[in-house]
Engineer: 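Here it is: the structure, laid out below.
All values derive from a computational prediction rather than experimental measurement. When a ligand or atom number is given, it counts from 1 through the structure's own listing order.
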Amino acid sequence: MQGFGASGGRPSAGLTFPPGFLWGTATSAHQVEGDNTNNDWWAWEHQAGRIAQGHRSGRAGDWWRAAEADFDRMAALHQNAHRLSVEWSRLEPQPGRWDERALRRYREMLAGLRRRAITPMITLHHFTFPLWVARRGGWLWNAFPGAFGRFARRTVEALGDLADLWCTLNEPVAAIISGYLIGRFPPGGGGLLRTRVAVVNAVRAHAAAYHAIHAAQPAAQVGIAAYLRVFDPARPASRLDRLVAGAQDRVVNWMFLDALRDGVLRGLWQTVRIPESAGSLDFIGVNYYTRDLVRFDPRAVRTLFGRNTPTPGAPLSDGGYGEIYPVGLFRVLEQVRAYGRPIYITENGLPDADDDLRPAFLVSHLREAWRALQEGADIRGYFHWSLIDNFEWADGWTLRFGLIGMDPATQVRTPRPSSALYAEICRTGSVMI
Ligand code: IFM
């Protein structure tokens, strides 16, 4: 398709995205700020055996001190948006005690983004809990939704003049499954019953935050960043494979979003009415990475009786992170379109230290996003994960997601070739094919 890029007037042959489209990268506080000593992940990292190779977040990308140097890099790469998170444990280090200095630092960061013409999208909860919340039970604490709602209200009152795009929760279902079923995230296990309680509380917490944000800022746009993964039956002719793939798809991908649309949580062998969550999405954030083939296995209790593998022979990203499956982005966008809400692709990326896969990954996934746009999906932005290499949770520093390489020991940044490719896409608002 012929088109004119966002840079205005220069003709380009490629897939052109709508004017005003947000082009950027995504990060989260714990993964880039450094020295987040007052949250459950910091404590977790300091337990033996929790993180690959004993890695720790440490100084991370040093953003608490010097994020602005990376903001300059974003601007130089023509990015016009950035999704970041604020760290609850910094803002409210003790219950009800607010740290004004931390608030000022976030104000400074957001103003710094805006000065560079970079629109911020802010996530309020990206995996970490303040220690005082974690000690009371984290997702399981029955007063967590109320506490999170108050945190959201105070944060939006303090920062709302600098941002109006809010994600309440990042990947709540994936975080809870990783914490309570798989055990790779704190608290390291718990079982199915606790998983159910945690999911109900997460829906309530989102709803509390949704209403609190709108009370503080009526024009706010509020959504979640949902982890959406494609689950296909390993043997399409097998009824059991189809059944377990369908169950994983329902629980991981749609149960939560449906509850925010309908006010009823259906899944994990329960139906719970949560009326305050009905209609509580102004947009849907799509975090898409990969797909699994799912084979029935009666022993795989923690994964709903499915054993998951990549497609044999499919291209894989580093460290067994997953199959590269661009069409999956189109497939999930088509399903999200049915919710009738604006869509942001709030994360998409891969670990690829030598950058031999990232250029094709970028182009092929953006082609699928463009295809979904042509089908009528109201996609308003794309945030690549991530700007710089950052602390990849249980995988520590072993997986490198950055358009820009970053050595956590020296803090030296080394742009990967794909950063220039993405910069051109951001500059022109179109993808050359
Ligand atoms: O690094 C994570 C991010 O925190 C949440 N979504 C997936 C990313 C890559 O694994």
Side-chain angles (χ1 to χ4, degrees), residues 24-34 36 39-42 44-45 50-52 55-57 60-61 63 70 82-89 121-129 167-179 182 184-186 202 223-230 252-253 256 284-292 308 310 316-325 328-329 332 344-353 357-358 361-362 365 382-406 408 418:
T25 48
T27 54
S28 86
H30 191 75
Q31 294 177 273
V32 293
E33 283 180 357
N36 267 314
N39 71 30
D40 58 340
W41 264 91
W42 187 272
W44 180 253
E45 288 157 40
R50 297 302 192 188
I51 311 293
H55 288 168
R56 292 176 178 174
S57 57
W63 273 31
D70 280 334
H82 185 69
R83 172 173 172 245
L84 72 170
S85 74
V86 290
E87 174 62 32
W88 188 358
S89 66
M121 173 186 279
I122 303 180
T123 307
L124 293 170
H125 183 275
H126 194 121
F127 293 170
T128 59
F129 283 109
C167 284
T168 56
L169 304 173
N170 180 71
E171 303 176 355
V173 178
I176 289 167
I177 289 177
S178 300
I182 315 283
R184 270 167 63 82
F185 280 21
I224 65 163
Y227 183 85
L228 300 178
R229 187 173 180 120
V230 172
V252 174
N253 294 331
F256 203 88
I284 297 178
V286 171
N287 292 3
Y288 173 74
Y289 288 88
T290 188
R291 84 143 155 198
D292 289 340
N308 296 38
L316 302 174
S317 52
D318 290 353
Y321 189 80
E323 168 183 349
I324 298 176
Y325 180 59
L329 180 58
V332 299
Y344 291 92
I345 299 168
T346 36
E347 290 182 25
N348 175 234
L350 80 170
D352 179 26
L357 301 167
R358 196 174 283 101
F361 180 100
L362 265 167
H365 283 75
Y382 174 86
F383 296 85
H384 190 76
W385 187 275
S386 181
L387 180 76
I388 54 169
D389 290 339
N390 55 53
F391 180 72
E392 179 54 25
W393 309 111
D395 291 303
W397 295 96
T398 62
L399 297 182
R400 302 300 180 127
F401 280 85
L403 292 166
I404 300 175
M406 200 275 291
S418 52

Engineer: Near ligand 1, which residues have a heavy atom under 4.0 Å away from one of its atoms?
Structural biologist: Gln31, His126, Phe127, Asn170, Glu171, Tyr289, Tyr321, Glu347, Trp385, Glu392, Trp393, Phe401

Engineer: Under the 6.0 Å and 45° cation-pi test, does Arg83 pair with Phe383?
Structural biologist: no

Engineer: Are the ring centres of Trp41 and Phe127 closer than 6.0 Å?
Structural biologist: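 When the ring centroids of Trp41 and Phe127 are compared, they turn out to be at least 6.0 Å apart.
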
Engineer: With a 4.0 Å cut-off, would you call Arg358 and Asp318 a salt bridge?
Structural biologist: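 Salt bridge flag = no for Asp318 with Arg358.
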
Engineer: Assert yes or no for the condition that the ring centre distance of Trp44 to His30 is strictly below 6.0 Å.
Structural biologist: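 Aromatic pair excluded; centres sit 6.0 Å or further apart.
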
Engineer: With under 30° as parallel and over 60° as perpendicular, where do the rings of His125 and Trp88 fit, or are they tilted in between?
Structural biologist: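 Rings of His125 and Trp88: perpendicular, as their planes differ by over 60°.
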
Engineer: Can you label the angle between the His365 ring and the Phe361 ring as parallel, tilted or perpendicular, going by 30° and 60°?
Structural biologist: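 Taking Phe361 first and then His365, their aromatic rings lie parallel (interplane angle under 30°).
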
